[in-house]
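Input: a single structure, listed below in structure tokens.
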Amino acid sequence: DAGVIQSPRHEVTEMGQEVTLRCKPISGHDYLFWYRQTMMRGLELLIYFNNNVPIDDSGMPEDRFSAKMPNASFSTLKIQPSEPRDSAVYFCASSRILQGGVAETSIYFGEGSWLTVV
Amino acid sequence: QKEVEQNSGPLSVPEGAIASLNCTYSDRGSQSFFWYRQYSGKSPELIMFIYSNGDKEDGRFTAQLNKASQYVSLLIRDSQPSDSATYLCAVKGRNFNKFYFGSGTKLNVKP
């Protein structure tokens, strides 16, 4: 089975430019997460979706960040304008609820998008 | 207070020894607990999960949970150099899919 697919894997951009990160979750998974990882702050949950609807975006650092999930197989995380402090690895992850509504499942990560803003 | 706390390490153990990794969490309502392994430059991968108090064994790995003490641990028996990685503790809170991650403990297994 294909895992979570993210693109681009690496991006270097100049401060002020718009950055768009993309994610395809595992087929059949109805939860999608965006995490950011830095040495200083570790893994931070930015936002998550359930059935394409944003449920909790309290981790989105500021208005420069936005995320969308137009359908069950695609999500984007956009940073506009980008700043050097946004340099990090951005992970997309997905999970699902098992039959019967038992929410005992873990989340599975993509390989990450390594963003450098100079 | 962070939701999940881990000692950042590094924890160094000789090959063949038992490595013990620890984690504490703040929300008593937390329901499920996970250990992820992350190699340098890679994404986290799930090793084990545990829901009930006590021990859960899977090969060389044993997860231990003590809800009264809000404490989770991971034991790695017969440690191998290939176990050298950062180990992340994750806790799923009362809200189904609110996963909180610790900052990770770096493990070095010396040949």
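Protein chains get the first letters and strands the later ones, always in sequence-line order, with residue 1 at the start of each. Computed from a prediction, not measured in an experiment: that's the story for all the values here.
Interatomic distance, OG of B:Ser103 versus CE of A:Met40, reported as 11.0 Å (0.5 Å rounding). The structure places CD of A:Gln37 at 8.5 Å from OG1 of B:Thr86, a figure rounded to the nearest 0.5 Å. Rounding to the nearest 0.5 Å gives a distance of 4.5 Å between OG of A:Ser106 and CZ of B:Phe34.
Listed for the B:Ser43 side chain is a donor-acceptor partner under 3.5 Å among the backbone atoms of A:Gly110.
Under the 4.5 Å side-chain heavy-atom criterion for Ile, Leu, Val, Met, Phe, Trp and Tyr, A:Val117 and A:Trp114 are members of distinct hydrophobic clusters. No continuous path of hydrophobic side-chain contacts links A:Leu43 to A:Leu32 [ILVMFWY only; heavy atoms under 4.5 Å]. Hydrophobic clustering (ILVMFWY, side-chain heavy atoms < 4.5 Å, transitive): A:Tyr108 and A:Trp34 are in distinct clusters. The same ILVMFWY cluster, assembled from side-chain heavy atoms under 4.5 Å apart, contains both B:Leu46 and A:Ile107. B:Leu65 and B:Trp35 fall within the same hydrophobic cluster, where Ile, Leu, Val, Met, Phe, Trp and Tyr residues are linked whenever their side-chain heavy atoms come under 4.5 Å apart, directly or through other members.
For CD of A:Glu14, the number of neighbouring non-hydrogen atoms (other residues, nucleotides, ligands) closer than 6.0 Å is 12 at most. In this structure, A:Arg9 places its CZ atom where more than 12 heavy-atom neighbours from other residues, nucleotides or ligands lie under 6.0 Å away.
Looking at B:Gln38, the atoms closer than 4.5 Å to chain A (heavy atoms on both sides) all sit in the side chain, from C-beta outward. Looking at A:Thr38, there are no atoms closer than 4.5 Å to chain B (heavy atoms on both sides), in backbone or side chain. When heavy atoms are compared at a cutoff of 4.5 Å, A:Glu44 does not approach chain B at all. Both the backbone and the side chain of A:Phe109 come within less than 4.5 Å of a heavy atom of chain B. Only the side chain of B:Tyr36 comes within less than 4.5 Å of a heavy atom of chain A; its backbone N, CA, C and O stay farther away.
For A:Tyr35 and B:Phe99, the gap between ring centers reaches or exceeds 6.0 Å.
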